[in-house]
Number of protein chains: 2
Amino acid sequence: MEALIPDYKDEKPLTAVMEDYLEIIFTLSREKRIVRVRDIAKRLGVKMPTVTSMLKVLNDRGLIAYEKYEFLDLTDKGLSIGREINRRHRVLRNFLTDILKINIERSDEEACKMEHGISHFTLDRLVKFLEFIQDCSLSGSSLIDNFGEYILSEKRSEEI
Amino acid sequence: MEALIPDYKDEKPLTAVMEDYLEIIFTLSREKRIVRVRDIAKRLGVKMPTVTSMLKVLNDRGLIAYEKYEFLDLTDKGLSIGREINRRHRVLRNFLTDILKINIERSDEEACKMEHGISHFTLDRLVKFLEFIQDCSLSGSSLIDNFGEYILSEKRSEEI
DNA sequence: CCAACTTGTTAGGGGTTTCTAACTTTATTT
DNA sequence: AAATAAAGTTAGAAACCCCTAACAAGTTGG
């Protein structure tokens, strides 16, 4: 029955791992002209055969255009997902670094793990909150500076 | 080599799913006198056989004390992990409800997915931030009320 | 007490993601 | 151009977590 309807291939939601691959591919394609299996493997901390098999999955699901031994590209759908995950990552990381004063390495690492659980809706709300705090800081009281001092005043700050 | 050292059984970190089970068991054991397979299954949205097999794993890893057809208990180790995950859940959920004004159902759902990625360190920092904001609100300016109004003033609030 | 129901377990299988070992293809070097 | 190195692929296996179907154990009601 479903087989007759052309665009019903991908009802299944993407896994967090698939989202990770799309985000990495998105990022790499901004940094370099071509995206290589080797680079994806290095970024994700997996071996090359793992990447190869995932690329097949992503290709079958219409998220990337890929033929073996050739370069790969994100499709429109893959691009929009990769971009969205990347946006979640940046927003969460900014919250961790700018508001909570967590150092950049840890922020990056934890944003990476939290970015799959947060919805578009909640992320938008977080963006608004960050903007709101920014506005507050501009108009004199500088809430975040106060929080920074509040954190620092407790001597058990093993990092900033 | 390691086999000779008694307490080196579990170097492998727990998976997010294992943490979920421990958290649910922790929560259920507070709510009721006994924890049942059926209740765990219902909370986690899985079938009973799935729970049974996970209980074996958790038992083998010394996180619960469990014999088939008998009641189960968390060990000290399992208890401390379950409690910690539960704490992360509550803090994250409070952030989502109290600061970002996300409704409780969504907050609960997303806290559940984010709680595994956040470190103890970052969580402590988040707790401090929530306390700090609380203090700010007490001393007149009521930052969070202002943010609540800021959110409301945008008419596209499909929820609060 | 026996039937019916609920609860829990085994057995067996499937999808996802990872790995190592061995191979092929492409790129570089001499 | 042939030899070597690097990049990529298959094949096959394992860990993890889920499922259904069937069976076993406990509980309840006639």
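All chains are named by letter (A, B, ...) in the order of the sequence lines, taking the proteins before the strands, and each is independently numbered beginning at 1. We use all heavy atoms of the structure for the numbers below, so side chains are in, but hydrogens, waters and symmetry mates are not.
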Residue whose closest nucleotide on DNA chain C lies nearer the 5' end, A:Pro49 versus A:Glu70
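Taking each residue's closest nucleotide, the earlier one in sequence belongs to A:Pro49.
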
If you pin A:Gly45 and B:Val51 to their nearest nucleotides in DNA chain C, which one's is more 5'?
B:Val51

Which part of the nucleic acid, if any, lies within contact of [X], taking any heavy atom under 4.0 Å across all strands shown: a base, the sugar-phosphate backbone alone, or nothing?
| X | result |
| --- | --- |
| B:Ser53 | nothing |
| B:Tyr21 | sugar-phosphate |
| A:Thr50 | base |

Within this structure, what is the [atom1]-to-[atom2] distance between [X] and [N], rounded to whole angstrom?
| X | N | atom1 | atom2 | value |
| --- | --- | --- | --- | --- |
| A:Leu44 | C:dT16 | CG | C1' | 15 Å |
| A:Ile34 | D:dA7 | CD1 | P | 11 Å |
| B:Arg38 | C:dT9 | CZ | P | 14 Å |
| B:Glu67 | D:dG26 | CD | P | 13 Å |
| B:Leu58 | D:dA15 | CG | P | 17 Å |
| B:Glu19 | D:dC16 | CD | C1' | 15 Å |
| B:Tyr69 | D:dT27 | OH | P | 12 Å |
| B:Lys12 | D:dA15 | NZ | P | 8 Å |

Measuring to OP1 and OP2 of D:dA25, would you say a side-chain N or O of B:Lys68 lies under 4.0 angstrom away?
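B:Lys68 to D:dA25 OP1/OP2: no side-chain N or O under 4.0 Å.
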
Selection from [options] that lies nearest to any side-chain heavy atom of [X]:
| X | options | value |
| --- | --- | --- |
| B:Lys56 | C:dT10, C:dC19, C:dG8 | C:dT10 |
| B:Met48 | C:dT17, C:dT9, D:dT9 | C:dT9 |
| B:Thr52 | D:dT10, C:dT9, C:dT20 | C:dT9 |
| B:Val17 | D:dC16, D:dC18, D:dA7 | D:dC18 |
| A:Met54 | C:dT17, D:dG8, D:dA25 | C:dT17 |

Hey, is [X] close enough to [Y] for a salt bridge, meaning N to O under 4.0 Å?
| X | Y | result |
| --- | --- | --- |
| B:Arg106 | B:Glu109 | no |
| A:Asp124 | A:Arg87 | yes |
| B:Arg43 | B:Glu31 | yes |

Could you tell me whether B:Phe26 and B:Tyr21 have their ring centroids closer than 6.0 angstrom?
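Ring centroids of B:Phe26 and B:Tyr21 are no less than 6.0 Å from each other.
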
Looking just at side-chain N and O atoms, do A:Asn86 and A:Arg90 make a donor-acceptor pair shorter than 3.5 Å?
yes

